[in-house]
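A quick write-up on the structure given underneath.
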Amino acid sequence: MSKKWNFKDIVKWGPGRHEPGATIPESGTAEDYETGGWRTERPVLDREKCNDCMICFFACPDSSIRVENGKLAGIDLRHCKGCGICAQVCPRDAMEMKSETRARKEEEEKT
Ligand code: SF4
Ligand code: SF4
């Protein structure tokens with residue numbers, strides 16, 4: 001029997017209200033829980049090298065490879081934890097892991 005949780009005020013919880021270890025208050029909450037803030041590096045796609053083989057899509061543990069019409073459409077940075085698996089498995093070296101600082105700086109320079 002699952003316990004019904006009310007975690008709307010979770011940011012105000014002190015240590016006394018948290019269960020030891022991880023708490024998953026109910027099923028289907030992974031989408032709401034943005035794990036992108038854990039990241040120190042992010043994958044950056046080189047569209048010229050990518051042939052949409054989707055190996056990275058199957059390997060990503062966070063379902064953060066976005067696909068549209070059978071093509072790689074980008075990275076869901078709200079959930080990507082920056083583990084680097086996509087860059088490791090890519091047979092075409094189309095994913096490069098960059099530090100968050102460097103990636104953000106490069107983004108700013110483009111705008
Ligand atoms: S770095 Fe890890 S979490 Fe992020 S897209 Fe690549 S495999 Fe997924
Ligand atoms: S594994 Fe590499 S080539 Fe294949 S879809 Fe991913 S980024 Fe593109």
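For ligands, and for the atoms within them, numbers begin at 1 and follow the listed sequence. These figures come from a predicted structure and were not determined experimentally. Sequence positions, counted from 1, serve as the residue numbers for this chain.
- Proximity to G82 (heavy-atom distance under 4.0 Å) selects the following atoms of ligand 1: 1 (S), 4 (Fe).
- With hydrogens left out, the protein atom closest to atom 6 (Fe) of ligand 2 is C56 SG, 2.4 Å, a heavy atom.
- M54 and M95 fall within the same hydrophobic cluster, defined by Ile, Leu, Val, Met, Phe, Trp and Tyr side-chain heavy atoms under 4.5 Å apart, directly or through other members.
- Looking from atom 8 (Fe) of ligand 2 to the surrounding protein, the closest heavy atom is C50 SG, 2.4 Å.
- Proximity of a side-chain donor or acceptor of R42 to a complementary backbone N or O of K98 within less than 3.5 Å is not detected.
- Linking ILVMFWY side-chain heavy atoms closer than 4.5 Å, directly or via other members, places L45 and I55 in two distinct hydrophobic clusters.
- At distances below 3.5 Å, at least one donor-acceptor pair connects side-chain atoms of S64 with backbone N or O atoms of D62.
- Set against the non-hydrogen atoms of I65, the atoms of ligand 1 under 4.0 Å away are 5 (S).
- Of all the atoms in ligand 1, the ones that sit under 4.0 Å from a non-hydrogen atom of C80 are 1 (S), 3 (S), 4 (Fe), 5 (S).
- Near L45, with a cut-off below 4.0 Å to any heavy atom, the atoms of ligand 2 are 7 (S).
- There is no path of hydrophobic side-chain contacts, each under 4.5 Å, that joins F58 to I85.
- Among all non-hydrogen protein atoms, the one lying nearest atom 4 (Fe) of ligand 2 is C53 SG, 2.3 Å.
- Atom 2 (Fe) of ligand 1 has no N, O or S atom of C86 closer than 2.8 Å.
- Shortest non-hydrogen contact noted between H79 and E34 is CD2-CA, 4.2 Å.
- Looking only at heavy atoms of the protein, atom 2 (Fe) of ligand 1 is closest to C83 SG, 2.3 Å.
- Near K81, meaning under 4.0 Å from any of its heavy atoms, are these atoms of ligand 1: 3 (S).
- Heavy-atom contacts of M54 reach the following atoms of ligand 2: 4 (Fe), 5 (S) (cutoff under 4.0 Å).
- For atom 3 (S) of ligand 2, the closest non-hydrogen atom of the protein is N51 OD1, 3.4 Å.
- Although no hydrogens or angles enter the test, the distance criterion places no donor-acceptor pair under 3.5 Å between the side chain of R78 and the main chain of G36.
- Between E108 and R104, none of the side-chain N atoms (NZ, or NE/NH1/NH2) sits under 4.0 Å from a carboxylate O, so this pair counts as no salt bridge.
- Within ligand 1, the atoms closer than 4.0 Å to a non-hydrogen atom of C60 are 3 (S), 5 (S), 7 (S), 8 (Fe), numbered from 1 in the order shown.
- For ligand 2, the atoms sitting less than 4.0 Å from at least one non-hydrogen atom of C90 are 1 (S), 2 (Fe), 3 (S), 7 (S), numbered in the order shown with element in parentheses.
- The hydrophobic clustering, which links ILVMFWY residues whose side-chain heavy atoms are closer than 4.5 Å, places F57 and L77 together.
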